[in-house]
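Presented below is the structure to which this report refers.
In what follows, chains are A, B, ... by sequence order, proteins preceding strands, each numbered from 1.
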Amino acid sequence: MIKLYIRQAWQLLKQNRLFSSIYILGTGLAIAMIVTLVIIYYVKMAPVYPEMNRDRTLVCKGLLVRERSTVENWSSSLLSYQTVCDYFYPQKGAEAVTAIMNDYASGHSIIEFSNEDVREVQLKYTDANFWRVFTFSFVSGKPFTETDFQSALRKAVVSERMARQLFGEEEAVGQTFVLNSDEFRVCGVVRDVSSLTPTTYADVWIPYTIFPDATKKNTNRGGMLGSMEVYILAPDQESVERIADEVRDDFRKFNFSQKEFFVQLNGQPVPYWKSVFYEYSSDSPDWVELLKTFGTILLALLFIPALNLAGMISSRMDRRLSELGIRKAFGASKRILLGQVLTENLLLTGLGGIVGLLLSYGMVYFGRNWLPTLFSDFVDVIPENVDTFFTVGMLLNPTVFIITFAICFLLNVLSALIPAMSALKKDIIYSLNDKR
Amino acid sequence: MNRHIIRQLWNQRRANGWILAELVFVTFFLWGVMDPVYVLLSNRAIEDGYDLTDTYLLRIGEYPATHRFYQQDAASDSIRVANYQRIVDRIKQYPGVEATVVTLYDSYPQSGSWSGTMAYHDSIAINVQQFIYLADGDYFGVFQMKTATGKAIAKPIPTGENCTYLTEDVSRKLFPNIADPIGQMIHYGDTTQHYRLSGILAPIQSRSIQQPVGLSLLSTPSLFPQGLPDGMQICFRVRHGLASVAFTDQFRKEIRPQLQLGNFYLLSVTDFETVSRDFEYSFGVTGKLRLQVILASFFLLCTFLGMAGTFWLRCNARRSEIGLRMALGGSRKTIHCHFLGEAWMLTTTGFILGLFIVFQRVCYDGFAEPTVGGNSIYLQNQPIPHFLIVSAITYLLLISIAIIGTWIPATRAARTQPSDALRDE
């Protein structure tokens, strides 16, 4: 039956080429916009290289410390080394806990290729657990160890791209290079990381212990605030919430234990996908406002094309009234006919879906440097020499396909249901009598 | 003709209903998308009051104690201050550099940091943004800010006294009864430290994406070791027309070894046009504008497809009518105008209905990107002109795309041969 519908739909499609192409283009455009949005957020939230454990990772990106005596006095920032050591590293339930510090030279770290050739480089300071929380694939060598980290050895993991720039085709592991005028030894080379995963993105990763200010105690606001983000890997998805509760509990105890400060976590640590929306260290995201923004955009992206398509379907239904009349006269029920119209239409929407998917791939490719930041209040400027790339897994994955199909289906129902129903409501006599 | 068009539209109300609904929707969303674009662009178009061409921002870094180049004997406060002063002098002497100033805590236009403070005179206190720089620098030479009367500001002769400058609006509020407040003393919360008002500046838009706010500039007498080197930046202006990528590269290459003094080294040197662009980008404004433009294009493209599709089908269905009109003496031009008139009336009706919903939403939710306590000399801060301007922009966009969408089918319809069309029956 369905095969017959599709064959008929195919004939109709070929008969009226202009109509079909406008229809497919209209659907494709709508789907392309939504799928682009889906891909952007897929890359931000779903497991992608090298952050394959995102579904069991907890994140804490900041604290707010308030003085109890004068509540208007508060500061907020990322976490200090002390806070990480006191409240995060010791978490027993966790599989691994890592702290990441951004470049203290605020993106101006330089590698000397020669005396003449000095280039800025993307740098991350971290610890040995980093390599357990995130799933880097090592091309050669291995990560720096806990001992290397504790003894502040100048060891570095570099990306494949950086290794090639530094040493050409030679084996990089064991060689040295000059970073910020200091000498480092390469201990491992990893597959390149895209700047689309800013948590892990860098070309050189080094232990933060080599930078003495990173671990220095500060006294401001109880020494809680600093410049580190924490990522906690839970052994399985079930224990994620439990670990988050334990961390929150520890801070609650701290709040009760002394009278000077009050620490606010703003709901953190949160699962990775939620942390995407934490842009201010002083506040949790306004979920209602976010829902409103995205809801409005989705509504607009779905309804405007749906109305467009509905208008076109309605005029096409007018022409097919006589056919529907005959089918009805021979006993076809409304449900069967409605099913037929929707199935036929799904063929067109499906074709539109494919066009849309391809269009959205084109869009994310051309907009790769700025599309992912469109919805952020604060954006890190991507340095000029960085080329953002997508991995295959970011684009070709079941989630994106399933969502694309679901949108096709939704768009189809939204646009075809009302015109089809109103056409089927007409009496057989009118349908049979209709000349067109 | 209008009555005729209305009757035609009414007769085809079923087909028109869908496109009308779409136009109402599009008006609603397009208005919402154009609103922030209007505000952001008009804020950006405000006279900024400074000049960033041919200017550079230079930052100095310091080796940590574990660094192999770290010198223990260069770590004392006095040597650090002396070294930094030598760095500033070397930049001043670089060929082509015309004016130099050391700013504190990112006190330059288009800066991501913000320091606010209160300015006091007698019993009056005003909230201001504050820029601080070193007294021996030529701040106004670098950024070319002007006085309220439009004159350039000369570098003051050092008198050992603390100088301060205020923008026009602040000085008016702070000295409501004094016609010429220059020479008056004010303070910034610390009553032991008074500053002499040395000049009144034209409004300065310290951030291109926001409306100008009251600004106070003050100079501090000398370098102090606590702020070195992170809290200080060196801003300089080069000879007019000299700044270019090649100059920047050459400057960087030549100055780098010269600035390696003690534990200090050249961290970065960036031209201010890049600083400015990066600032807008990192505050999400560039992204916001792009997003709005993408959404607006999408809505307009949908409208185009909708109008073109609807009128295409319609022109085909009404071939016999067109033939008859022509046979009765209607010219091609009248036919063309008739279809465009239909499109115009349909779009305008949709727009008015949509605008009605927009109006409800604006009353309930307010405008996009509001400036709290914004100065009403800017149209974007006055509700009625704001609403009318955004509505006009939306209407113009919508009507042009609708007419373009109808143009092709209408031209085709007008080209119909009456004999063919009449035989269609």
Side-chain angles (χ1 to χ4, degrees), chain A residues 18-19 22-23 25-26 29-30 32-33 36 104-108 110 116 118 120 152 154 180-183 210-213 279 296-297 299-301 303-316 318 363 367 370-371 373-382 384 418-419 422 436, chain B residues 14-26 28-30 32-33 59 61 63-69 112 230 252-253 256-257 260 265-268 270 274 277-279 281-288 290-291 294-295 298-299 301-303 305-310 312-314 317:
Chain A
L18 184 87
F19 172 85
I22 293 189
Y23 192 94
L25 198 68
L29 211 64
M33 296 290 279
T36 305
Y104 74 94
S106 52
H108 294 298
I110 46 171
E116 286 292 292
V118 180
E120 284 188 359
R154 283 180 167 63
N180 289 337
S181 309
D182 228 344
E183 204 173 67
I210 60 152
F211 179 53
D213 280 2
E279 291 201 82
T296 318
I297 292 180
L299 200 76
L301 292 185
F303 270 90
I304 290 177
L307 283 169
N308 222 341
L309 302 177
M312 286 159 95
I313 294 171
S314 130
S315 67
R316 200 169 69 146
D318 284 350
M363 277 162 69
W370 50 270
L371 262 180
T373 62
L374 279 191
F375 296 94
S376 310
D377 285 352
F378 292 107
V379 188
D380 288 331
V381 177
I382 301 176
E384 272 166 28
I418 298 173
S422 76
R436 268 185 283 222
Chain B
R14 270 199 47 207
N16 286 334
W18 291 109
I19 188 80
L20 188 70
E22 187 187 341
L23 286 165
V24 173
F25 255 79
V26 169
F28 178 76
F29 287 114
L30 191 62
V33 162
R59 287 175 194 279
Y63 294 129
T66 46
H67 198 278
R68 61 171 175 168
F69 289 166
D230 297 348
R252 197 180 280 136
K253 205 176 276 176
R256 187 183 294 283
Q260 200 122 4
Y265 64 93
L266 170 69
L267 188 62
S268 69
T270 326
T274 307
R277 201 173 48 240
D278 288 354
F279 166 76
Y281 187 81
S282 65
F283 271 64
V285 172
T286 316
K288 180 153 221 156
R290 280 177 179 157
L291 177 67
I294 292 172
L295 288 176
F298 174 75
F299 298 151
L301 204 57
C302 280
T303 316
L305 285 179
M307 290 302 271
T310 311
W312 193 285
L313 291 169
R314 175 166 312 163

- Message: So, taking the atom named CD1 in A/Ile110 and the one named OH in B/Tyr265, what distance separates them when rounded to the nearest 0.5 Å?
- Response: 7.0 Å
- Query: Where do B/Trp18 and A/Ile313 land on the side chain to side chain contact (heavy atoms under 4.5 Å, CB included) test, with the steps shown first?
  - Reply: CA-CA 10 Å; B/Trp18 291 109; A/Ile313 294 171; over 6 Å; no
- Taking side chain as C-beta onward, heavy atoms only, is B/Thr303 less than 4.5 Å from A/Ile304? no
- Message: Counting only heavy atoms from other residues, nucleotides and ligands, does the tally under 6.0 Å from CZ of A/Phe303 exceed 12?
- Response: no
- Atom pair CG (A/Leu301) and CZ (B/Phe29), whose distance is rounded to the nearest 0.5 Å: 9.0 Å
- Option that, when pairs with chain A are counted at under 4.5 Å, heavy atom only, ranks first among B/Ala65, B/Cys302, B/Gly112: B/Cys302
- Item | Interchain contact, A/Leu309 with chain B, by part (heavy-atom threshold 4.5 Å) | neither
- Note on the structure: Turns out that what part of A/Ser422 lies under 4.5 Å from chain B's heavy atoms comes down to side chain
- Contact winner vs chain B - A/Leu307, A/Asp182, A/Ile210, A/Ile297, heavy-atom pairs under 4.5 Å: A/Asp182
- Would you say the side-chain atoms of A/Ser181 and B/Tyr63 include a donor-acceptor pair closer than 3.5 Å? yes
- Bottom line for B/Arg252: the part with an atom under 4.5 Å from chain A's heavy atoms is neither
- Query: Are any of the side-chain heavy atoms of A/Leu371 and B/Arg290 separated by less than 4.5 Å?
  - Reply: no
- Can you tell if the side chain of A/Asn308 reaches within under 4.5 Å of the side chain of B/Phe25, non-hydrogen atoms only? no
- chain A: which of B/Asp230, B/Thr310, B/Leu291 shares the most heavy-atom pairs with it under 4.5 Å? B/Leu291
- Task: Grab the two heavy atoms, one from B/Ile294 and one from A/Met33, that are nearest each other, plus how far apart they are.
- Result: CG2-CE, 3.7 Å
- Message: Which heavy atom of A/Glu183 sits nearest to which heavy atom of B/Arg68, and what is that distance?
- Response: N-NE, 4.0 Å
